[in-house]
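A short write-up of the structure that comes next.
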Amino acid sequence: MARHLITSALPYINGIKHLGNMVGSMLPADVYARYLRQTGRETLYICATDEHGTPAELAAKEAGLPVDAYCAQQHDAQKAIYDGFALSFDHFGRSSSAQNREITQHFARQLKKNGFIEERAIRQVYSLADERFLPDRYIVGTCPHCGYDKARGDQCENCTRVLDPTDLIDARSAISGSSDLEVRETKHLFLLQSKLQGEVEAWIDEHGKDWPVLASSIARKWLTEGLHDRAITRDLDWGVPVPADTWPELAAEGKVFYVWFDAPVEYIGATKEWADERPDERDWKSWWYEASDVRYTQFMGKDNVPFHTVMFPATEIGTREPWKRVDYVKAFNWLNYYGGKFSTSQRRGVFTHDALEILPADYWRYFMMANAPESDDTSFSWELFSATVNKDLADVLGNFVNRVLSFSRKRFGDEVPAGSEAGAAETELGREVARLLAEYEGHMEEMQFRKAAQALRALWSAGNSYLETKAPWLEIKTDPDAAALTLRTAMNLIHLYSVVSEPFIPATAAAMRSAFALAGDERTWVTQDEACSLSSVPAGTPFTVPPVLFAKITEEDLESYRERFGGGDEAA
């Protein structure tokens with residue numbers, strides 16, 4: 001059986017992420033990793049903070065901290081939030097780690113050895129006041145297209161036009177604010193992607209045919225336009241340094257690797273970090289090197305697709321070493337906020353720390369996966385959020401659990417009642433539950449998360465339909481044994497829900513399972529036979545009634561959320 005390696009796009013270090021970042025990579029990766037583990041597959045889920053590049057240095061400067069201290073602080077802050085969302089990383093590392101530096105430099109040496117890296121002289125902006133070359137993002141000025149006065153040297157955030165630093169009007173250093181700039185010649189390393197195009201194209205032809213259209217179309221668009229040689233070093237104080245044993249002159253000048261060169265390598269680096277924590281028990285290399293038994297799945301938003309499907313595979317291919325390349329790319333479109341983009345820099349939309357402050361993680365986990373932007377962009381609204389929570393979580397699942405357990409305790413005490421033997425209604429229910437479970441499993445295997453959420457909701461709804469048909473509150477009046485059977489069957493459904501709902505709502509699943517004092521309950525999934533029989537929780541099992549699983553969102557709640565975060569035309 002294949003081992004499963006899962007990575008999600010590395011969240012950038014500068015600031016807390018919004019819900020769009022969460023649903024576009026880390027959360028679906030977690031749902032899938034949980035499902036694989038529960039169904040008996042050996043699984044390793046790796047992620048890390050992406051800590052290098054110009055924005056990290058600028059954010060540290062704004063915070064008044066050394067960049068290493070800033071990154072350490074932000075890593076801990078992000079990790080705490082992801083823990084709050086119950087993301088089950090096997091390791092959440094840092095791209096500034098010694099392991100990533102070691103492996104990145106190894107990749108670079110191999111690429112040079114094989115003729116895929118060369119030094120080239122280029123002309124670059126130099127700040128006389130700062131006495132340093134300035135990367136694109138260290139240069140700000142007025143956009144010549146829209147007049148935005150805080151445009152960066154690589155792109156205007158206001159009109160999204162791609163820029164060159166020399167395009168800016170009144171250009172100045174983002175470090176000192178000085179406009180005393182000039183263009184000088186300097187040397188950088190270039191990855192010769194043009195020489196690798198044929199091999200990358202052949203690899204995508206072989207492996208990309210089963211990818212989602214979103215991922216494969218973006219990769220092929222880059223290939224159609226032609227792979228260009230790319231500068232992979234920058235003039236920064238913070239990053240993986242160019243190794244002095246290979247490029248002494250550039251190392252002496254303080255060159256570091258471009259963030260998009262070292263960040264994907266951190267998937268490997270973070271795996272080594274994980275192994276180095278317990279070297280007697282863990283082997284990182286078997287997951288990445290000559291790893292023919294590993295199935296590797298990447299999760300990311302569509303903006304990250306080109307780097308993961310073209311640039312990083314080209315890097316791996318160019319080493320001429322058997323590094324594991326991605327088998328399946330699960331790409332996502334955007335989750336927007338009332339039709340407009342979430343924006344970290346402009347603080348527009350719901351950010352992950354605010355979300356956890358408002359409501360527990362399972363509300364957000366279920367909503368985001370039930371509305372995941374898989375086939376096209378989707379839009380967050382408070383109205384849609386409250387409708388999903390109230391209908392699916394509070395009414396369908398939460399109400400079912402509370403009705404069954406509360407009524408049974410009131411009429412039969414604190415143990416699962418026995419009642420009569422299962423009849424035709426229970427047999428039919430078992431068949432329906434088994435069918436829906438198979439549908440749910442199929443969607444999970446295919447990573448179709450919106451469809452999986454619909455199948456999960458249908459499983460929950462089957463319990464409500466059974467309860468309404470049997471009506472134990474009426475049965476109890478004439479046939480207590482029949483009512484006891486209905487409640488016992490419904491309690492078995494609750495236990496089944498506690499197992500199969502865990503990938504989506506792990507805290508709620510744990511609360512449902514802990515309601516039953518079931519000795520030796522170590523099952524991680526439900527077989528088709530168990531789904532049909534609905535007999536995992538026998539009569540006489542002690543149970544408790546958990547607190548309300550999901551509180552409904554009221555109109556007053558909605559009004560306060562809209563007032564705090566915006567909603568409607570002003571957010572678009």
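These figures come from a predicted structure and were not determined experimentally. Index from 1, following the sequence.
Taking the side chain as every heavy atom from C-beta outward, F85 and L27 never approach each other to under 4.5 Å. In this structure, the side chains of R282 and K272 stay at 4.5 Å or more apart for every pair of heavy atoms. Between P264 and F107 there is no side-chain heavy-atom pair separated by less than 4.5 Å. Residues L456 and M444 fail the side-chain proximity criterion, which asks for heavy atoms closer than 4.5 Å. Considering only heavy atoms from C-beta on, C47 comes within 4.5 Å of P11 through its side chain.
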For a salt bridge (Lys or Arg N to Asp or Glu O under 4.0 Å) check, start with the C-alpha distance between K341 and D377, then their side-chain angles and the critical distance, and finish with the verdict.
CA-CA 10 Å; K341 284 187 176 181; D377 292 349; over 6 Å; no

Give the intermediate values and the outcome of salt bridge (Lys or Arg N to Asp or Glu O under 4.0 Å) for residues D205 and K209.
CA-CA 6 Å; D205 285 343; K209 57 182 179 292; over 6 Å; no

Carefully, step by step, assess K113 and E321 under the rule salt bridge (Lys or Arg N to Asp or Glu O under 4.0 Å).
CA-CA 12 Å; K113 173 185 172 184; E321 295 178 329; over 6 Å; no

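Aromatic pair W382/F380: centroids less than 6.0 angstrom apart. Note: F385 and W364 meet the aromatic proximity criterion, with ring centroids under 6.0 Å apart.
In plain terms, the two heavy atoms of A29 and I6 that are nearest each other are CB-CG2, 3.9 Å. A pairwise comparison of heavy atoms in S286 and V294 identifies O-CG2, 4.0 Å as the closest pair. When all heavy atoms are compared, the tightest approach of A151 to Y148 is N-CD2, 3.6 Å.
Taken from SG in C143 to CD1 in I169, the straight-line distance is 8.0 Å, to the nearest 0.5 Å. Distance CD/Q74 to CZ/R94: 10.5 Å, rounded to 0.5 Å. The distance from atom CZ of R234 to atom NE2 of H52, rounded to the nearest 0.5 Å, is 14.0 Å. Here CE of M300 is found 10.0 Å from CG of L10. Values are rounded to the nearest 0.5 Å.
For the pair K255 and F133, the cation-pi criterion (under 6.0 Å, within 45° of the ring axis) is fulfilled. Taking the ring axis of F504 as reference, the NZ or CZ atom of R365 does not stay both within 45° of it and closer than 6.0 Å to the ring centre.
The aromatic rings of F299 and Y32 sit tilted, their planes meeting at an angle between 30° and 60°. Note on ring orientation: taking the six-membered ring where Trp is involved, the planes of F89 and Y82 are perpendicular (angle over 60°, cut-offs 30° and 60°). The aromatic rings of W260 and F307 lie parallel to each other, with less than 30° between the two planes, well short of the 60° mark.
Panel note: side chain T524, backbone Q38; a donor-acceptor pair is recorded below 3.5 Å. Checked by atom type and distance alone, the side chain of N100 pairs as donor or acceptor with a backbone atom of E266 at under 3.5 Å. At least one donor-acceptor pair under 3.5 Å links the side chain of D229 to the backbone N or O of Q193. Checked by atom type and distance alone, the side chain of N114 pairs as donor or acceptor with a backbone atom of T319 at under 3.5 Å. Not one N or O on the side chain of W288 forms a donor-acceptor pair closer than 3.5 Å with the backbone of W284. No side-chain donor-acceptor contact under 3.5 Å links Y440 to the backbone of A458. No donor-acceptor pair closer than 3.5 Å links the side chain of Q298 to the backbone N or O of V329. In this structure, H18 contributes its side chain and N21 its backbone to a donor-acceptor pair below 3.5 Å.
If you check the side chains of Y338 and E383, you find a donor sitting under 3.5 Å from an acceptor. In this model, a donor atom of one side chain and an acceptor atom of the other lie less than 3.5 Å apart for H188 and T233. No donor-acceptor contact under 3.5 angstrom links the side chains of T54 and R152, judged on distance only.
The ring pair (Phe, Tyr, Trp, His ring centres under 6.0 Å) test with H308 is passed by exactly one of Y267, Y328, Y296, W222: Y267. Among K324, R41, R3, the one residue that satisfies the salt bridge (Lys or Arg N to Asp or Glu O under 4.0 Å) test with D293 is R3. A side-chain contact (heavy atoms from CB on, under 4.5 Å) with Q124 holds for exactly one of V183, D235, D136; it is D235. With Y35 as the fixed residue, the ring pair (Phe, Tyr, Trp, His ring centres under 6.0 Å) test singles out one of Y45, F449, W525: W525.
E290 and K285 are not joined by a salt bridge, as no carboxylate oxygen comes within less than 4.0 angstrom of a charged side-chain nitrogen. Ion pairing of R37 with D90 is present here, as a side-chain N (NZ or NE/NH1/NH2) and a carboxylate O approach within less than 4.0 Å.
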